[in-house]
Participant: 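Have a look at this one before I ask anything.
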Amino acid sequence: MVLDIEYQIKGQTPYLHTRQDNEDMEVIIREEGNRHIVTIKAKKDLILTRGKIDDVHEFADDDIFPTNGYQSWTDTTERKFGDKSRERNVKKLPKFLLNMFGFDKYGDATFYPYKPDTLHGYNIFYIKGDKQLFSYNYNFTKAYVVYEINNKTRKLAILSDVYGQIVNRGEEAVIYDLYYGDNYDEGYASFCRDFQSRQAEKIFGYTSWYNYYQNINEEIILRDLDALDSRFNLFQIDDGYETFVGDWLDVDCKKFPHGLKPIVEKIHKKGYLAGIWLAPFVAETKSKIFQEHQDWFKLTEDGQLAKCGSNWSGFYALDLDKKEVQEYIKKCLQYYLDLGFDFFKLDFLYASMIAPTYGKSRAMMSDQSYQMLRDILKDKLILGCGANCFSSYQKFDYLRVGPDVSLIFDDVWYMKFMHRERVSTKVTLQNTIYRSIFNNRLFLNDPDVFLLRKDNIRLNEKQKESLLTINALFGSVLMTSDNIATYDEKTKKMLEEKLNLFYSANNVSFVKNKHYIDIFYNLHGQRHEMRYNTKKGTLSNG
């Protein structure tokens, strides 16, 4: 293994490298069993750029390994070494599309150098096969780790994303703190011991988004609330109640003439948790906050406003290091606490990682901003979305583990060439399975909604059943946007059967088998097997 640390002398522009002690830093390497730690002590004021350990492991044909995505929407799969699939590099799109829609802003395309012969994943890595391996990142509050697989050299490299972190003279900084072992079962057991999620109950709930999107109003919300029965424990109002994203103190009085408080009271009267959706780190261009307080927004290194993407009227990242911004976010969240909301779905949280500033790495910025949300909301339930998985540990009770479900299996054809965080039922189903390793460890997994209704949807009946089944087996949050009063008897029976899986199935596991995934589970003492076809989105009995 070859270590390389890339850095700058503060106030100078050239990048420098070191593999051992030099006139700029002392390099300290420690091994404690399967724990490997690399620390530097600065002899001058430094700005860290990257760590890299090369030639870590050589791949064998047919090795199975994961590529865990950058944030919770990013596509995540298990792959077999030697397959011909490549990572989609959104930077290859025409520049006018990137400038107009910001497709490169949702994930890591602005800073990770996508290359044709490499695959990569974040903060956890393993190999299932003859030459086993298990590794994960203890240093996730300071620096994300990137596991990089080179198909040409057949080698694994481990990168440390310390970019932007300032280390002043005499200070120390951890570049790597890794678990690294050559036994999958032992590594998996260690991961389960080291990461134990906050205690929270499973959620069976309703969210307004995947039927009406922003077109909600008081009548729709109350109608769908009335349709729910005692099996549900959450009713969540999603995007569309506010005037503009960012103006969280302005509830749309045309849509909700009586405000939200009477709705919260009716939700509680039915015995449910009351949930609300917000995107606290961003604001769209039409919002008052954007038009009146552009000094509150983060700037990129070249002095431009930090764009986050093309949703709504286009939206930008708030500068979370500014005291005024912190106070505004606290005021907005307190407003919904005072209305009586119990459950907060907080979305587009990757905005905290855009354009590292003030001497912090991406991981440091996310850790501090997510902790701010937890400090404000205290013991209320938080569902994170669009967030880095490891940064969410001990901050959020639940985390979305895939992109949004689409009303057709794989979204419109041209979106397949866009960003890795695109809306797709096909992608999110695979994420639900491959990220099941996080469930009840980093947090409770939210696989996104199931949809069984007949109208306003283009999933076929088998795909709808697969979506519900996989969500029930691999997730801890089971949500829908359907008005369940419209369900026929057959649909009601299916839902009841899958709720049995959700609450009672255990020892759930899977094995990748080309474009199939074989799924195994126990239910009431009996072992069951089924096969999921990732291309068609359908399940068959094993």
Side-chain angles (χ1 to χ4, degrees), residues 1-58 70 108 110-115 117-125 133 135-150 152-181 301 353 355-367 388 390-391:
M1 292 192 293
V2 180
L3 170 68
D4 180 57
I5 300 172
E6 186 178 282
Y7 64 101
Q8 292 175 290
I9 302 295
K10 196 172 178 181
Q12 300 179 15
T13 54
Y15 292 122
L16 303 169
H17 300 264
T18 187
R19 293 179 177 175
Q20 55 192 0
D21 295 359
N22 63 13
E23 67 275 13
D24 301 326
M25 69 173 70
E26 178 185 357
V27 180
I28 306 153
I29 301 175
R30 291 186 292 135
E31 292 188 9
E32 302 171 1
N34 287 322
R35 194 162 182 168
H36 301 258
I37 305 168
V38 177
T39 304
I40 63 107
K41 185 172 184 179
K43 299 177 183 178
K44 301 176 182 177
D45 294 344
L46 308 175
I47 304 176
L48 298 175
T49 306
R50 189 183 71 164
K52 186 175 185 180
I53 305 175
D54 260 325
D55 300 336
V56 178
H57 177 91
E58 185 166 354
Y70 174 60
D108 62 358
T110 57
F111 64 89
Y112 179 80
Y114 280 71
K115 292 165 279 190
D117 297 309
T118 61
L119 302 168
H120 72 291
Y122 285 82
N123 293 323
I124 190 167
F125 187 81
L133 181 65
S135 180
Y136 53 90
N137 181 19
Y138 287 110
N139 194 36
F140 57 89
T141 63
K142 302 294 184 184
Y144 297 142
V145 159
V146 184
Y147 296 91
E148 189 173 82
I149 302 95
N150 191 308
K152 261 190 176 178
T153 65
R154 306 178 69 91
K155 298 291 181 66
L156 173 70
I158 305 178
L159 314 180
S160 177
D161 181 24
V162 289
Y163 182 84
Q165 184 178 347
I166 290 176
V167 189
N168 292 316
R169 180 179 178 180
E171 294 179 345
E172 294 187 357
V174 177
I175 308 299
Y176 290 97
D177 187 354
L178 295 171
Y179 177 95
Y180 188 92
E301 290 178 307
M353 302 183 282
T357 51
Y358 308 113
K360 302 172 189 173
S361 66
R362 274 171 273 269
M364 294 168 72
M365 296 180 75
S366 289
D367 181 69
N388 181 274
F390 272 68
S391 291

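Residue numbers count from 1 along this sequence.
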Participant: With sequence neighbours left out, write down each residue that passes salt bridge (charged side-chain N to carboxylate O under 4.0 Å, His left out) with Lys360, or none if nothing qualifies.
Facilitator: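 Asp321.
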Participant: What are the two closest heavy atoms between Thr49 and Val162, and how far apart are they?
Facilitator: C-CG2, 3.7 Å
Participant: Between Asp117 and Lys152, is the side chain to side chain contact (heavy atoms under 4.5 Å, CB included) condition met? List the steps.
Facilitator: CA-CA 6 Å; Asp117 297 309; Lys152 261 190 176 178; 3.4 Å; yes
Participant: Could you pull out all residues at least two apart from His57 that satisfy ring pair (Phe, Tyr, Trp, His ring centres under 6.0 Å)?
Facilitator: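 Ring pair (Phe, Tyr, Trp, His ring centres under 6.0 Å) list for His57, sorted by chain: Phe59.
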Participant: Does any non-hydrogen side-chain atom of Asn388 lie less than 4.5 Å from one of Asn123?
Facilitator: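 Yes. Closest side-chain heavy atoms under 4.5 Å.
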Participant: Can you measure from CG (Leu3) to CD1 (Ile158) and round to the nearest 0.5 angstrom?
Facilitator: 11.0 Å
Participant: Go through Ile124 and Phe390 one step at a time and tell me if the side chain to side chain contact (heavy atoms under 4.5 Å, CB included) criterion holds.
Facilitator: CA-CA 9 Å; Ile124 190 167; Phe390 272 68; 4.0 Å; yes
Participant: Could you check whether any side-chain heavy atom of Val27 comes within less than 4.5 Å of a side-chain heavy atom of Ile5, counting everything from C-beta outward?
Facilitator: yes
Participant: Does a side-chain heavy-atom distance below 4.5 Å link Asp4 with Asp54?
Facilitator: no
Participant: Quick one, His120 and Leu159 - any side-chain contact, counting heavy atoms below 4.5 Å?
Facilitator: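 With C-beta onward as the side chain, the pair stays apart.
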Participant: Mark yes when over 12 heavy atoms from residues, nucleotides or ligands other than Lys115 sit less than 6.0 Å from its NZ; otherwise mark no.
Facilitator: yes
Participant: Can you find a side-chain donor-acceptor pair between Ser135 and Tyr147 that sits under 3.5 Å?
Facilitator: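 There is such a pair between these side chains.
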Participant: What are the two closest heavy atoms between Gln8 and Pro14, and how far apart are they?
Facilitator: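 Smallest interatomic distance, heavy atoms only, reads CG-O, 3.6 Å.
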Participant: Which value, rounded to the nearest 0.5 Å, describes the distance between Asp45 atom CG and Glu171 atom CD?
Facilitator: 8.0 Å
Participant: Relative to the ring of Tyr122, is the ring of Tyr144 parallel (under 30°), tilted (30 to 60°) or perpendicular (over 60°)?
Facilitator: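 The arrangement is perpendicular - the two ring planes meet at more than 60°.
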Participant: Does atom CZ (Arg35) have a neighbourhood of more than 12 heavy atoms from anything else shown, all under 6.0 Å?
Facilitator: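 Counting other residues, nucleotides and ligands, CZ of Arg35 exceeds 12 neighbours.
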Participant: Looking at side-chain heavy atoms only, is the closest gap between Asp161 and Asp108 below 4.5 Å?
Facilitator: no
Participant: Kindly compute the distance separating CG (Asn139) from CG (Leu178), expressed to the nearest 0.5 Å.
Facilitator: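 Separation between the atoms: 8.5 Å.
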Participant: Quick one: does Met365's side chain get under 4.5 Å of Met353's, heavy atoms only?
Facilitator: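 Answer no - side chains too far apart.
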Participant: Do Tyr7 and Ile40 come close enough that some side-chain heavy atom pair is under 4.5 Å?
Facilitator: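 Sidechains of Ile40 and Tyr7: no contact.
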Participant: Considering non-hydrogen atoms only, spot the tightest contact between Lys44 and Glu23 and give its length.
Facilitator: CE-O, 3.8 Å
Participant: Should Leu156 and Leu133 be marked as a side chain to side chain contact (heavy atoms under 4.5 Å, CB included) after you check the CA-CA gap, both sets of side-chain angles, and the distance that decides it?
Facilitator: CA-CA 11 Å; Leu156 173 70; Leu133 181 65; 3.8 Å; yes
Participant: With a sphere of 6.0 Å drawn around CZ of Phe111, does it hold more than 12 non-hydrogen atoms of other residues, nucleotides or ligands?
Facilitator: yes
Participant: Can you tell me how far the CD1 atom of Ile149 sits from the CZ atom of Arg154, to the nearest 0.5 Å?
Facilitator: 13.5 Å
Participant: Counting C-beta onward and ignoring hydrogens, is there a side-chain heavy-atom pair between Ile175 and Leu48 closer than 4.5 Å?
Facilitator: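 Of all side-chain heavy-atom pairs linking Leu48 with Ile175, at least one is under 4.5 Å.
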Participant: Going by an N to O cut-off under 4.0 Å, is there a salt bridge joining Lys155 and Asp55?
Facilitator: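 Salt bridge: yes.
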Participant: Atom NZ in Lys52, atom CD in Glu6: separation rounded to 0.5 Å?
Facilitator: 10.0 Å
Participant: Measure the spacing between CG of Leu46 and CD of Gln165 and express it to the nearest 0.5 Å.
Facilitator: 10.5 Å
Participant: Go through the steps to decide whether Glu148 and Tyr112 satisfy the test side chain to side chain donor-acceptor pair (under 3.5 Å), and finish with yes or no.
Facilitator: CA-CA 11 Å; Glu148 189 173 82; Tyr112 179 80; 2.5 Å; yes
Participant: Does Glu26 form a side chain to side chain contact (heavy atoms under 4.5 Å, CB included) with Asp21? I'd like the steps, not just the answer.
Facilitator: CA-CA 5 Å; Glu26 178 185 357; Asp21 295 359; 3.8 Å; yes
Participant: Identify the heavy atoms of Ser391 and Ser366 that sit nearest to each other, and give their distance.
Facilitator: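 Looks like OG-CB, 3.7 Å.
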Participant: Could you tell me whether Phe140 and Tyr138 have their ring centroids closer than 6.0 angstrom?
Facilitator: no
